[in-house]
Amino acid sequence: MKAMFLVLSAALLLAACGDKPQSLGEGRKSVAPWAGTGVAAFTAPGWKVGDKTSWEGEMRARTQYGQNEYTRVGN
Amino acid sequence: MARMKFICDSQRCIECNGCVTACKNENEVPWGVNRRRVVTLSDGQPGEKSISVACMHCSDAPCMAVCPVNCFYRTDEGVVLHDKDVCIGCGYCSYACPFGAPQFPSQGTFGVRGKMDKCTFCAGGPEANGSEAQFEKYGRNRLAEGKLPICAEMCSTKALLAGDGDVLADILRTRVVQRGKGAEVWGWGTAYGSKAGGKDAGGKS
């Protein structure tokens with residue numbers, strides 16, 4: 001009985017030595033951009049909301065044709 | 001898709017500060033905080049160069065490494081973002097960042113340091129896309145609207161480029177070949193670990 005009491009007491013005391021899970025910064029991440037904003041008025045035309053491939057195509061086109069004048073005027 | 005990156009072509013930047021203004025307007029950035037700024041080297045001297053600087057969304061971001069509360073994360077597109085609900089405003093990221101990207105607004109009666117604010121690549125943050133909470137905390141989420149960051153899209157000389165790193169590299173390569181100089185890209189090696197980056201590649205500049 002005494003031994004059992006000691007074991008239980010030790011277990012109870014040592015339980016306080018345990019570390020709480022440190023998950024503060026692990027939970028929240030951004031929603032994927034191709035999911036869209038749900039605001040059609042601000043969404044660029046030319047891609048389908050929810051379609052990753054379509055979004056990537058729009059990004060590539062915007063990067064290339066919007067920023068590379070050599071593409072537009074020829075070399 | 002490759003990673004989203006910024007390139008500032010110092011041969012083209014005319015120090016108009018349009019990118020700075022556009023960023024502040026688009027994201028309603030508070031007074032005292034500049035997510036982007038233009039730095040001029042050898043100002044007023046022949047051969048002066050200007051570059052537009054903001055968060056470079058580093059591949060191995062030092063801000064992420066030093067943050068004691070782990071508030072940073074990287075999206076699948078390579079954009080380094082942070083959770084303002086977790087940030088404690090300690091300022092470690094500010095000391096670690098080689099580009100001076102983290103900014104701290106003065107908030108409250110005694111001007112205590114607020115939660116960190118920085119360029120988000122116009123990708124919002126960990127709130128619902130297009131929500132009021134996302135706009136209030138992080139600004140506009142243009143990526144989710146199918147657009148690139150406003151600073152680059154409105155740059156009049158197209159000195160500041162943003163988008164898929166592979167496409168940007170092609171654009172810059174074309175320019176360098178055409179003009180025969182200006183191959184060096186400031187900050188590239190620091191942000192992305194390229195040994196060749198940031199050094200003069202032999203072109204006339």
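All chains are named by letter (A, B, ...) in the order of the sequence lines, taking the proteins before the strands, and each is independently numbered beginning at 1. What's counted below: heavy atoms across the whole structure, side chains too, no hydrogens, waters or symmetry copies.
- For chain B, no part of A/Ala40 is nearby; none of its heavy atoms comes within less than 4.5 Å.
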B/Arg175/A/Glu69 under side-chain contact (heavy atoms from CB on, under 4.5 Å): CA gap, chis, key distance, verdict: CA-CA 10 Å; B/Arg175 288 183 185 179; A/Glu69 64 276 1; 4.2 Å; yes
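- One distance of note links CZ of A/Phe42 with CG of B/Asn141; it measures 12.5 Å at 0.5 Å rounding.
- Both the backbone and the side chain of B/Lys147 come within contact range of chain A, judged by heavy atoms closer than 4.5 Å.
- The distance from atom CZ of B/Arg173 to atom OH of A/Tyr70, rounded to the nearest 0.5 Å, is 14.0 Å.
- Here the closest non-hydrogen pair linking A/Gln67 and B/Ala162 is NE2-O, 2.8 Å.
- Both the backbone and the side chain of A/Gln64 come within less than 4.5 Å of a heavy atom in chain B.
- Taken from CZ in B/Arg142 to OG1 in A/Thr43, the straight-line distance is 11.5 Å, to the nearest 0.5 Å.
- Neither the backbone nor the side chain of B/Asp170 comes within less than 4.5 Å of any heavy atom in chain A.
- With contacts defined as side-chain heavy-atom distances shorter than 4.5 Å, the pair B/Leu143/A/Met59 qualifies.
- In terms of heavy-atom pairs under 4.5 Å with chain A, the best-connected choice from B/Gly163, B/Gly146, B/Gly130 is B/Gly146.
- With chain A as the partner, the residue from B/Leu160, B/Leu148, B/Leu168, B/Asn129 showing the most heavy-atom pairs under 4.5 Å is B/Asn129.
- Between A/Thr37 and B/Gln134, the closest side-chain pair of non-hydrogen atoms is not below 4.5 Å.
- The local environment of OH in B/Tyr92 is sparse, with at most 12 non-hydrogen atoms from other residues, nucleotides or ligands closer than 6.0 Å.
- Results of the side chain to side chain contact (heavy atoms under 4.5 Å, CB included) test with A/Asn68 over B/Leu161, B/Val167, B/Ile171 single out B/Ile171 as the only residue that passes.
- Closest approach of B/Pro126 to A/Ser30, counting heavy atoms only: N-OG, 4.0 Å.
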